[in-house]
Number of protein chains: 2
Amino acid sequence: MKPTIEIEYCPKCGWLLRATYMAQELLTTFQEEVYGVTLIPSEVAGRFQIRTSDQIIFDRKREDGFKDIKIIKQLVRNQICPDKSLGHSDRKA
Amino acid sequence: MKPTIEIEYCPKCGWLLRATYMAQELLTTFQEEVYGVTLIPSEVAGRFQIRTSDQIIFDRKREDGFKDIKIIKQLVRNQICPDKSLGHSDRKA
């Protein structure tokens, strides 16, 4: 069974568009590797987390801000398909 | 537990953007009623389905085409929160 990536975002912070943008990026890059991407409106103010069912891949509060999508993709890759190359922009995060 | 809406789309048909657009619409309208919306790249050519875990809400092949988002929202509403009003554009689908 392929993993599902979850993106939990704070709708009051206006992060729906950011979350769906990231979902598009992840679904384009990891189309073969994921089952899907779930967008979850958070009930926790200020939360923005990207995770699998058992691992937090990115947490805005922990990182004290957002990261560029290139970094996000490296973190996701390291978690779900560590052997995959992300192309010319890639180096191990 | 709130329901999760699944949108399964054929990536070869180029329906990722359409699927994420619909996810944004559903997450805006049903923010309080759903747990989340899962975007799933389909392995079945030409598939575009919107469903809950136990019910197909919309199927492009069954309908022989796409429907306007107003209709999609009415179908989702009828399934997950039949008492909710969708505002001025609304009438029972």
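Chain identifiers are assigned alphabetically (A, B, ...) following the order of the sequence lines, protein sequences preceding nucleic acid strands; residue numbering begins at 1 within each chain. Bear in mind that the values here come from a model prediction, so they are computed numbers and not experimental data.
In this structure, no portion of A/I5 lies under 4.5 Å from any heavy atom of chain B.
Note: the hydrophobic cluster containing B/L75 does not contain B/I56 (ILVMFWY, side chain heavy atoms under 4.5 Å, direct or indirect links). One hydrophobic cluster, built from ILVMFWY side chains closer than 4.5 Å, holds both B/L16 and B/M22. Note: the hydrophobic cluster containing B/V34 also contains B/L26 (ILVMFWY, side chain heavy atoms under 4.5 Å, direct or indirect links). The same ILVMFWY cluster, assembled from side-chain heavy atoms under 4.5 Å apart, contains both B/F30 and B/L27. Hydrophobic clustering keeps B/I40 apart from B/V37 (ILVMFWY residues linked when any side-chain heavy atoms are closer than 4.5 Å, directly or through intermediates).
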Once you leave out hydrogens and angles, what donor-acceptor pairs under 3.5 Å do chain B and chain A share?
residue : atom : partner : partner atom : Å
B/K2    : NZ   : A/E43   : OE2          : 3.2
B/T20   : OG1  : A/Q24   : NE2          : 2.6
B/Q24   : NE2  : A/T20   : OG1          : 2.6
B/V37   : N    : A/L39   : O            : 2.9
B/V37   : O    : A/L39   : N            : 2.8
B/T38   : OG1  : A/T38   : OG1          : 2.7
B/L39   : N    : A/V37   : O            : 2.7
B/L39   : O    : A/V37   : N            : 2.9
B/E43   : OE2  : A/K2    : NZ           : 3.3

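When hydrophobic residues (I, L, V, M, F, W, Y) are linked wherever their side-chain heavy atoms come within less than 4.5 Å, B/V44 remains an isolated member.
Smallest separation of non-hydrogen atoms from A/G36 and B/P41: CA-CD, 4.2 Å.
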